[in-house]
K.L.:
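Below are the structure tokens for one structure; questions will follow.
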Amino acid sequence: MSSSQQKHFSTCTLCEAMCGIEVTTEERQIVSIVGDKKNPFSEGHVCPKAMALKDLYDDPERIKLPLEKTATGWQTISWDEAFDKVAKKLVDIQQQCGDNAIGLYLGNPNAHNMGSILFGPYFYRALKTHNRYSATSVDQLPHHIVSRQLFGHQSQIPIPDIDHTQYFLIIGGNPLASNGSIMTVPHVKRRLKAIQAREGKVVVIDPKKSETADISSEHYFIKPGTDVLLLLAMLNTVFAEGLAKPGKLSEMASELMNVEAFVKDYPSARVAPLIGMSEQQITHIVTEFCAASSAVCYGRMGASVQAFGTLTQYLIMLFNMLSGNLDKPGGMMFTQPAADTLPHSGRGSIAQYHSRVRKLPAFAGEYPVSTLAEEITTEGVGQIRAMVIGAGNPVLTTPNGQQLDDAFAGLDFMVAVDFYLTETSRHADIILPPVTALERDHYDVVFHNFAVRNSTKYSPAVFSPEKDSLTDWQIYLSLAQRIDALRGLPTDKYQDLWAKEPKGVVNDLLKTSEYRHEGQRLSIDLLLQNPHGIDLGPLRSNLPDAIFHSDKKIDLRFDYFMADLPRVDQQFFSEKAKTKYNLLLIGRRHLKTNNSWLHNSPRMVKGTNKGLSRCTAQLHPEDAQYHQLSEGQMITVRSRVGEISLPVEITDKIMPGVISIPHGWGHNKAGSKWSVAQEHAGVNVNELTDEMVLDELSGNAVLNGVPVCISAA
Ligand SMILES: Nc1nc2c(c(=O)[nH]1)N[C@H]1C(S)=C(S)[C@@H](COP(=O)(O)OP(=O)(O)OC[C@H]3O[C@@H](n4cnc5c(=O)[nH]c(N)nc54)[C@H](O)[C@@H]3O)O[C@H]1N2
Ligand SMILES: Nc1nc2c(c(=O)[nH]1)N[C@H]1C(S)=C(S)[C@@H](COP(=O)(O)OP(=O)(O)OC[C@H]3O[C@@H](n4cnc5c(=O)[nH]c(N)nc54)[C@H](O)[C@@H]3O)O[C@H]1N2
Ligand code: SF4
Ligand SMILES: [Mo]
């Protein structure tokens, strides 16, 4: 290291794994990013995406100053001018058309951004609109609803105690590519191998023999979207074989044994032919799971974002409870984060109000994003006339993306808080670009809640702010303050917030924590003296304290969840009309992608497979043969809502009858600007996913198990 170089210890915010990184800089350049070996949580682990933080920082196409769309193209304007214009326009539209005329969509990176999480809400509240949407309804919404009902708080979601389990059953998750989700887990491969090394098992149920399935002890194909049947049969087997042992939970959830009545009609013999597994396989999994000294059943993306995602997640929770594995080391455990936001955050309101057009229930003040396009295009009182997009790219990431793209084109006004000109932000009138991750302080206020070990760490910004650069929270607070001022509301509270900063809130939370480090109370000062982070130990049993219901009991809410069973019967056990859509579409992630937005980094998109881009349609050899397709051939994939053409990749890792296409691609829209991504543009799989088909309990989108058909292009 030359004398002019500096080392910084920070945290990668690109995925949920919270890897500690060591960033070497020289002046304002990043020289290298490697894993921080002294980070007690991630112990040196990083994935190839860590270097994308540098590419993002260096990207010449990254927007650094506010842009306004004019007749002659994008023009740079000052922050003050941009804030004044945006605030005035939003308030004007609301005065003319009502508060709900503004729509707000918040994307995934907000969850990785302390400032957006803690101070964004001041802006959202100032907007006063009911038309709020986020990536939650294309993702983890089922988990929130299950936790809200059972434990009383939407974010009190128990996670797998991966480091102590003897049987890890993974349904619809691929942590080897995703690095874990609702399970913050760096070094996941090592941790999975450790289960096997201590003579435990890793069992994967997935329509694809995924990277995770490749290193598992057992893998079973399952027909997409049928996990709910598998879970019903697993629970049926628990009772049929006399395996239920709820232990301490029988007191906290006194009706737990009544589950038997709801699952009695779903024996594995009845269910097996519909899901592509055998009766013996189901019995084998259940008996081994229940016999293990500790076991955990974990369902993620593939199991959540499908037609019965909420019921599936609920049944997964019941399975963990009935086998005695909730709140037990090696089972499903609640975390105890040092900066605990849960007591101070909304517990999650269910169906407090309903959307205007389709009457879909709001959850925690947000409508399902599948209904956004029609809320923009359907005329009438309450129609959305302007959008605010914060760190999201819904044209590429939400169902029927083409319809949403068209709807956005017809808006009166859009503002995007984003540093790229994306398929979505190209529709904006004004773009407000925040700094990138390494230019802001970081404390992970969200993902410590889901981390497989308790720890705490504060990372100061690697770079001091450049002139004229702002963070997300500074943008949101500036807008909120102006909007309130235009409405004649008091703005005194903002002085305190500017002075406090998000880190002041984190400091308050840390100080009230019961954790001590070498006898000292936690605080940001203490964390600054421990730049690699502080380990706070393994997950500990925490029931009934973890329950937010005042009676400290788990509320099983059979009335709410089991009400979805008639829909299950209708879907799977009633006579079906023949359809031309004979394949089921599922999604996939690649280690070097991150939803829609790292594709402008050459090292993230190059080095592709067999000369094909990453955006291929994977098909089983039998299906390829049936359609007379050869490797790399272009095919057209059609669904009810649209069609796309892309190359086929033939692999026996995919279940026959299934087609897998990754999301986040389709960077060829006029007006978006991704020079690198352009070369590897791919196509937008969400031009196939259907905004009218929902997981009806939650309103979550159905992105897995979408019926499609194919032909040679
Ligand atoms: N078919 C299909 N569709 C899917 C999925 C799938 O599996 N299959 N997965 C779904 C899931 S799980 C998710 S979470 C969604 C994600 O959906 P979105 O959140 O809508 O999309 P992202 O691609 O994460 O877009 C993030 C945007 O934020 C910008 N950005 C990045 N960092 C920051 C920041 O710090 N501040 C600000 N202001 N902007 C920033 C990026 O430039 C990018 O434009 O996609 C969903 N869509
Ligand atoms: N590299 C990378 N990492 C990421 C992201 C990324 O885009 N790229 N995105 C991040 C985000 S926002 C999230 S939410 C997480 C998601 O992280 P995960 O939940 O691990 O999601 P995936 O990696 O998409 O894995 C989903 C698995 O479900 C399978 N599957 C599909 N349909 C079904 C089904 O019907 N039943 C069953 N049983 N399985 C099914 C798929 O084949 C796939 O293997 O990843 C995060 N990490
Ligand atoms: S796994 Fe990769 S993307 Fe995720 S936090 Fe670690 S380095 Fe970043
Ligand atoms: Mo996600």
Side-chain angles (χ1 to χ4, degrees), residues 61-107 110 116 120 123-124 126-129 131-133 369 372-373 375-377 379 383-398 401-434 468 470 472 474-483 485-487 596-597 669-674:
E61 280 176 352
R62 178 160 66 83
I63 304 166
K64 294 187 169 175
L65 291 169
L67 292 181
E68 181 178 29
K69 195 182 269 161
T70 69
T72 54
W74 291 102
Q75 300 288 338
T76 301
I77 54 173
S78 75
W79 281 106
D80 273 329
E81 194 183 349
F83 291 143
D84 287 342
K85 282 189 170 166
V86 171
K88 179 156 186 330
K89 191 79 193 176
L90 294 176
V91 171
D92 280 353
I93 289 175
Q94 285 184 318
Q95 276 168 356
Q96 275 169 32
C97 310
D99 289 344
N100 295 336
I102 310 289
L104 171 69
Y105 173 87
L106 297 172
N110 286 302
S116 305
F123 170 65
Y124 318 148
L127 274 185
K128 288 200 203 151
T129 175
N131 266 315
R132 289 178 50 178
Y133 304 82
V369 71
L372 175 56
E375 290 293 337
I376 297 173
T377 55
E379 286 177 18
Q383 180 185 7
I384 296 178
R385 295 311 315 144
M387 281 297 304
V388 180
I389 309 275
N393 192 1
V395 168
L396 293 194
T397 58
T398 70
Q402 186 56 53
Q403 186 192 46
L404 191 60
D405 197 23
D406 296 340
F408 283 164
L411 286 168
D412 293 341
F413 183 69
M414 182 196 275
V415 54
V417 184
D418 201 310
F419 39 60
Y420 277 122
L421 198 47
T422 70
E423 295 69 22
T424 299
S425 66
R426 73 198 176 105
H427 291 294
D429 295 279
I430 294 187
I431 299 181
L432 304 173
D468 275 340
L470 294 179
D472 286 84
Q474 290 168 320
I475 294 172
Y476 287 129
L477 218 53
S478 303
L479 287 174
Q481 189 167 353
R482 278 173 173 78
I483 288 173
L486 284 170
R487 292 201 169 113
S596 75
W597 63 284
K669 299 247 183 212
S672 65
K673 192 152 188 280
W674 309 96

K.L.:
Could you grab the distance from atom CD of Glu379 to atom CZ of Arg385, nearest 0.5 Å is fine?
P.N.:
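One finds 8.0 Å between CD of Glu379 and CZ of Arg385.
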K.L.:
Between Trp674 and Glu423, is a side chain to side chain contact (heavy atoms under 4.5 Å, CB included) present by the stated rule, with each step listed?
P.N.:
CA-CA 10 Å; Trp674 309 96; Glu423 295 69 22; 2.9 Å; yes
K.L.:
Roughly how far, to the nearest 0.5 Å, is the CG atom of Asp412 from the CG atom of Asp429?
P.N.:
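Going from the CG atom of Asp429 to the CG atom of Asp412 covers 9.0 Å.
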K.L.:
What's the shortest heavy-atom distance between Pro434 and Val417, and which atoms?
P.N.:
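Scanning both residues, the minimum pair turns out to be CD-CG1, 4.2 Å.
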K.L.:
Check side chain to side chain donor-acceptor pair (under 3.5 Å) between Asp418 and all other residues, then give those that pass, not counting sequence neighbours.
P.N.:
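Expected list: none.
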K.L.:
Under the rule for ring pair (Phe, Tyr, Trp, His ring centres under 6.0 Å), what residues qualify as partners of Phe419, not counting sequence neighbours?
P.N.:
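Checked Phe419 against ring pair (Phe, Tyr, Trp, His ring centres under 6.0 Å); zero matches.
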K.L.:
For the atom pair CG (Leu372) and CD (Gln403), what is the distance rounded to the nearest 0.5 Å?
P.N.:
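Output value for this atom pair is 9.5 Å.
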K.L.:
What are the two closest heavy atoms between Ala407 and Ile376, and how far apart are they?
P.N.:
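Heavy atoms only, the tightest pair is O-CG2, 3.6 Å.
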K.L.:
Under the 3.5 angstrom rule, does the side chain of Asn110 hit a backbone N or O of Gly390 as a donor-acceptor pair?
P.N.:
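Judged by distance alone, yes, a pair lies under 3.5 Å.
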K.L.:
Grab the two heavy atoms, one from Arg482 and one from Asp84, that are nearest each other, plus how far apart they are.
P.N.:
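That closest heavy-atom pairing would be NE-OD1, 2.7 Å.
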K.L.:
Determine, step by step, whether Trp74 and Ile63 satisfy the side chain to side chain contact (heavy atoms under 4.5 Å, CB included) criterion, reporting the C-alpha distance in whole Å, the side-chain angles of both residues, the deciding distance to 0.1 Å, and the verdict.
P.N.:
CA-CA 11 Å; Trp74 291 102; Ile63 304 166; over 6 Å; no
K.L.:
Rounded at 0.5 Å granularity, tell me how far CE in Met387 sits from OG1 in Thr424.
P.N.:
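Here the interatomic distance stands at 9.5 Å.
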K.L.:
Using every non-hydrogen atom in the two residues, find where Lys69 and Arg426 come nearest and quote the distance to one decimal.
P.N.:
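Of all heavy-atom pairs spanning Lys69 and Arg426, the closest is NZ-O, 2.6 Å.
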K.L.:
Under the side-chain contact (heavy atoms from CB on, under 4.5 Å) test, which residues partner Ser596, sequence neighbours left out?
P.N.:
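Listed in chain order: Asn393, Leu396, Thr397.
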K.L.:
Salt bridge or not between Lys673 and Glu61? Use side-chain N to carboxylate O under 4.0 Å.
P.N.:
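Yes, charged N to carboxylate O under 4.0 Å.
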K.L.:
Stepwise, does the side chain to side chain contact (heavy atoms under 4.5 Å, CB included) test hold for Thr76 with Leu67?
P.N.:
CA-CA 5 Å; Thr76 301; Leu67 292 181; 3.8 Å; yes
K.L.:
Is the side chain of Thr422 donor-acceptor paired with the backbone N or O of Ser425 at a distance under 3.5 Å, no angle test?
P.N.:
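Side chain of Thr422 to backbone of Ser425: a pair is present.
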K.L.:
Indicate the atoms forming the closest heavy-atom contact of Leu106 with Tyr476, along with that distance.
P.N.:
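Here Leu106 and Tyr476 meet closest at CD2-OH, 4.3 Å.
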K.L.:
Would you give the length of the straight line joining atom CG of Leu411 to atom NE2 of His427, rounded to the nearest 0.5 angstrom?
P.N.:
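NE2 of His427 is found 8.5 Å from CG of Leu411.
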K.L.:
Using modelled atom types only, decide if a donor and an acceptor are shared between the side chain of Arg487 and the backbone of Ala126 within a distance under 3.5 Å.
P.N.:
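The answer is yes, because a donor-acceptor pair under 3.5 Å joins these two groups.
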K.L.:
To the nearest 0.5 Å, tell me how far Ile102 CD1 sits from Ile93 CD1.
P.N.:
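One finds 5.0 Å between CD1 of Ile102 and CD1 of Ile93.
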K.L.:
With sequence neighbours excluded, tell me which residues meet side-chain contact (heavy atoms from CB on, under 4.5 Å) with Ala82.
P.N.:
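Testing Ala82 for side-chain contact (heavy atoms from CB on, under 4.5 Å), a comparison that skips the adjacent residues, returns Pro66, Ile77, Ile430, Leu432.
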K.L.:
For Phe83, what residues pass the ring pair (Phe, Tyr, Trp, His ring centres under 6.0 Å) criterion, not counting sequence neighbours?
P.N.:
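With neighbours one apart ignored, the set is Trp79.
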K.L.:
Nearest heavy-atom pair of Asn100 and Lys128: which atoms, and what distance?
P.N.:
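Heavy-atom minimum between the residues: OD1-O, 4.3 Å.
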K.L.:
Could you work out, with side-chain contact (heavy atoms from CB on, under 4.5 Å) as the rule, every residue matching Asp92, not counting sequence neighbours?
P.N.:
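Listed in chain order: Lys88, Gln95.
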